[in-house]
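Below you'll find the structure, written out as structure tokens, and then a few comments.
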Amino acid sequence: MNASPLAAEPFPAPQPRTEDGRTLLVKVFGKDRPGITTGLFATLAGFGVEVIDIEQVVTRGRITLCALVTPPHSPGAEGDLRAVVHRWAEEQKLQAEIISGIGDNRPRREGRSHVTVLGHPLTASAVAALTARITGSGGNIDRVFRLAKYPVTAVELAVSGVATDLLRAELVREAATQRVDVAVVAAGLERRAKRLVVMDVDSTLIQDEVIELFAAHAGCEAEVAEVTAAAMRGELDFAESLHARVALLAGLDASVTEKVRAEVRFTPGARTLIRTLQRLGYQVAVVSGGFTQVTDHLVEQLGLDFAAANTLEVVDGRFTGRVVGEIVDRAGKARWLTRFAEQARVPLEQTVAIGDGANDLDMLNAAGLGVAFNAKPVVREAADTAVNVPFLDTVLYLLGITREEVEAADVDVADLPDGRNAPAAG
């Protein structure tokens, strides 16, 4: 990029902001290439203006660059500035627009939220409906940017002027109609400070229900699956259903545990989610209504910080059809969330919980952010937000982490000389 000839001269000292608050909005747009930003500001520097704001976006190779600056201090210099900027833009095959005005952007109003929209695909009609809801509730969209383009399209909107709870209620209803996922969280440092993530295991971290894997080896898979489904819908007390299902495993050889561990299938994106969180300094835990016979293996595989689950009793190498120790049920999951937070020295408001079933509800409600992942209707309605695409790593977008940041971290680790911590697939 060739800078303006003026850029070769000594830059005049910046002048103080004008008493009348006048500003110039300088906008250039066209085909992106390296050096455009430098060229524009080198050109403006020749007039000693003060930079008040900068916004730049590149979409499909087309740049839009806006600079809000003070007018030149010298009489008549504003006309020279306009002429020089237009000449520079023409040389660079760009278009330029310069608009006089007063002041800066208005301060953002109270009631600030981050709205994350996930679509697979994200349609124009969905965006129109959701943004209309924001406007209709009294909110203003201050900024929009893309978080990811695959495996889902994820965009984030900064919204002000409406209470987070009210905005969430409006958008969740519309999201269900539009078949997209929406998360609404309050703006502020707390969003960046969620340092403990606790997730359910069955049908969340993994695609399977572990007890059904055991039941398949015992020849009672259909009976167990029926009870499991009713419990996850909230139609049965979880502890009661757990005892009923485990009783069907009585007499099964405990050595089948190794086969069950080998049959477990991670949810797409599970490994990416966990390794990215760990690289960012998060602590990660699992809490499961399943069994330590499997979760202990997951802890070892994934390097998890905490875990809690039920334990199948084994006598003489066979399952007795009973569980031992404290039962991890709906209330138990919330208790373990609190314990993990205490051990991690993380306030509950800085925790994230992820789950799919009715027995996760207390945990989701206790956490700072509760995420219903491909959940039953009763869970989606009660959680802070719902994700209905089959990729667990999309939870990262709810935390403001972009796909580019995830991939950059993977490249950095993979390029270590000895290959330490190279990312696994998934």
Side-chain angles (χ1 to χ4, degrees), residues 114 116 118 147-148 154 181 183 185-186 188-206 266-290 295 298-309 328 332-357 359-375 379 383-387 389-403 405-406 409-410 421 423-424 426:
H114 293 285
T116 305
L118 309 178
L147 293 167
D181 297 330
V185 297
L189 291 176
E190 292 79 6
R191 186 194 186 213
R192 298 286 186 182
K194 291 179 170 63
R195 310 309 294 178
L196 172 67
V197 175
V198 181
M199 67 187 79
D200 176 42
V201 174
D202 294 6
S203 298
T204 300
L205 177 63
I206 66 175
F266 284 109
T267 298
R271 290 181 183 271
T272 298
L273 170 67
I274 291 172
R275 69 173 177 264
T276 302
L277 291 173
Q278 291 169 336
R279 290 170 189 168
L280 291 171
Y282 283 68
Q283 297 183 69
V284 185
V286 293
V287 58
S288 175
T295 58
L298 296 176
V299 170
E300 182 179 347
Q301 277 187 291
L302 301 172
L304 303 177
D305 297 283
F306 309 104
V328 180
K333 286 190 172 187
R335 287 195 299 271
W336 278 109
L337 170 70
T338 301
R339 292 170 186 169
F340 294 153
E342 291 172 351
Q343 294 175 52
R345 297 185 178 181
V346 172
L348 274 178
E349 58 267 24
Q350 292 180 12
T351 63
V352 179
I354 310 168
D356 74 300
N359 65 324
D360 297 312
L361 275 172
D362 289 3
M363 175 178 73
L364 298 180
N365 290 330
L369 175 65
V371 180
F373 180 73
N374 289 312
V379 183
D384 293 326
T385 187
V387 172
V389 293
F391 311 108
L392 192 57
D393 53 339
T394 55
V395 172
L396 294 169
Y397 310 144
L398 307 184
L399 304 178
I401 301 166
T402 69
R403 191 74 200 180
E405 290 170 327
V406 173
D410 280 348
N421 300 317

Show, in sequence, the C-alpha distance, side-chain angles and deciding distance for L298 and F266, and conclude whether the side-chain contact (heavy atoms from CB on, under 4.5 Å) test is met. CA-CA 10 Å; L298 296 176; F266 284 109; 3.9 Å; yes

Checking side-chain contact (heavy atoms from CB on, under 4.5 Å) for the pair V284/M199: CA distance, chi angles, key distance, verdict? CA-CA 8 Å; V284 185; M199 67 187 79; 4.0 Å; yes

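Remark: side-chain polar atoms of Q350 are not paired, donor with acceptor, to backbone N or O of P347 under 3.5 angstrom. Of the possible polar contacts, one joining the D360 side chain to the G357 backbone as a donor-acceptor pair under 3.5 Å is found. Not a single donor-acceptor pair under 3.5 Å links the side chain of Q283 to the backbone N or O of Q343. Between the T267 side chain and the T204 main chain, a donor and an acceptor come within less than 3.5 Å of each other.
Counting all heavy atoms, side chain and backbone alike, P390 lies closest to F373 at C-CZ, 4.2 Å. Residues D356 and N374 come closest through the heavy atom pair CB-O, 4.2 Å. In plain terms, the two heavy atoms of Q278 and L304 that are nearest each other are NE2-N, 4.4 Å. S288 and V328 get closest at one heavy-atom pair: O-CG1, 3.4 Å. What you find for A309 and G290 is that their closest heavy atoms are CB-O, 3.8 Å.
Residues passing the side-chain contact (heavy atoms from CB on, under 4.5 Å) test with V389 are H120, V152, D181, V387, F391, T394, sequence neighbours excluded. With sequence neighbours left out, A366 forms a side-chain contact (heavy atoms from CB on, under 4.5 Å) with L337. With sequence neighbours left out, F306 forms a ring pair (Phe, Tyr, Trp, His ring centres under 6.0 Å) with F340.
If you run side chain to side chain contact (heavy atoms under 4.5 Å, CB included) between L205 and each of L302, D200, L273, only L302 comes through.
Considering only heavy atoms from C-beta on, T338 comes within 4.5 Å of L348 through its side chain.
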